[in-house]
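This report refers to the structure that appears directly beneath it.
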Amino acid sequence: MCGIVGYVGTKRQAYPILIKGLKRLEYRGYDSAGLALLAAGGIERVRAVGRVAELQTAASGCSAHTGIAHTRWATHGGPSDINAHPHSDENGDFVIVHNGIIENYQEIKAELTGKGYTFSSETDTEVLVNLVAERRKTAPDLLHAFATALREAHGAYAVCLMDKDEPGVIYAARMSAPLIFGQGT
Ligand code: GLU
């Protein structure tokens, strides 16, 4: 199993905390890693096949107080930069990291493809973030869209989601998979 890390704060930089978290998760095994930082200029997303150290080489580590990160163990689509997390919806509004499997992703993908969505990766995860984007069109807010999408997605998973317009917020959910929330210094 892979690992996910998220951080929301006010004073401390997210980047070193995410990298430290990813390194603590390395023992679980993984084939690629990635992170997304919600910075003043928008979302910086970096992904790399290989070790967290290679991700550090690729990342600028820009100033941000909100971020999510991931070590991937591929289940849908081979190890590659394109299949590595975080994944974004096609408009770049939302980014997601996901641990586990969305069992019915092919049915959801078919529905979204029918609506004109295109996908750059082979993952079940990219399907989920685009389902959230689609449900956001009719939901009153992102929380409802996220919950609606997750009710439609079957499987065992933990996910963290960020909205480019909501600094200081990470949406998180789990189903038959562990996810720990902590508050403090
Ligand atoms: N199913 C997702 C993928 O293949 C997540 C795999 C994992 O848990 O790392 O990208």
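In each ligand, atom 1 is the first atom listed, and ligand 1 is the first ligand listed.
- An N or O contact shorter than 3.5 Å links His76 to ligand 1 by distance.
- In this structure, a donor-acceptor pair under 3.5 Å is present between the side chains of Tyr117 and Glu134.
- Among the atoms of Asn83, none of the N or O lies under 3.5 angstrom from an N or O of ligand 1.
- Distances below 4.0 Å separate heavy atoms of Asn99 from the following atoms of ligand 1: 8 (O).
- The Thr125 neighbourhood of ligand 1 comprises atoms 2 (C), 10 (O), with distances under 4.0 Å to a heavy atom of that residue.
- A distance of 8.0 Å separates OG1 of Thr71 from CG of Asn99, quoted to the nearest 0.5 Å.
- Ligand 1 places these atoms under 4.0 Å from at least one heavy atom of Arg72: 3 (C), 4 (O), 9 (O), 10 (O).
- Every side chain to side chain contact (heavy atoms under 4.5 Å, CB included) that Thr75 has, sequence neighbours left out, goes to Ile101, Asp124.
- Here the side chains of Leu142 and Val132 are in contact, with some heavy-atom distance below 4.5 Å.
- The heavy atom nearest to atom 5 (C) of ligand 1, out of those in Gly100, Cys2, Gly78, is found in Gly100.
- Nearest heavy atom pair, residue Ile170 against residue Cys160, reads CG2-CB, 3.9 Å.
- A ring pair (Phe, Tyr, Trp, His ring centres under 6.0 Å) check over residues 80-112, counting only residues at least two apart or in different chains, returns the pairs His70-His85, His76-Tyr105, His85-His87.
- The closest approach between a heavy atom of His85 and any atom of ligand 1 is below 4.0 Å.
- Shown in contact with Thr123 at under 4.0 Å from a heavy atom are these atoms of ligand 1, numbered in order with element: 10 (O).
- Remark: ligand 1 atoms within the under-4.0 Å shell around heavy atoms of Trp73 are 6 (C), 7 (C), 9 (O).
- The contact set between ligand 1 and Asp124, taken as ligand atoms under 4.0 Å from a residue heavy atom, comprises 1 (N), 2 (C), 3 (C), 4 (O).
- Among all heavy-atom pairs drawn from Trp73 and Tyr30, the shortest one is CE3-N, 4.0 Å.
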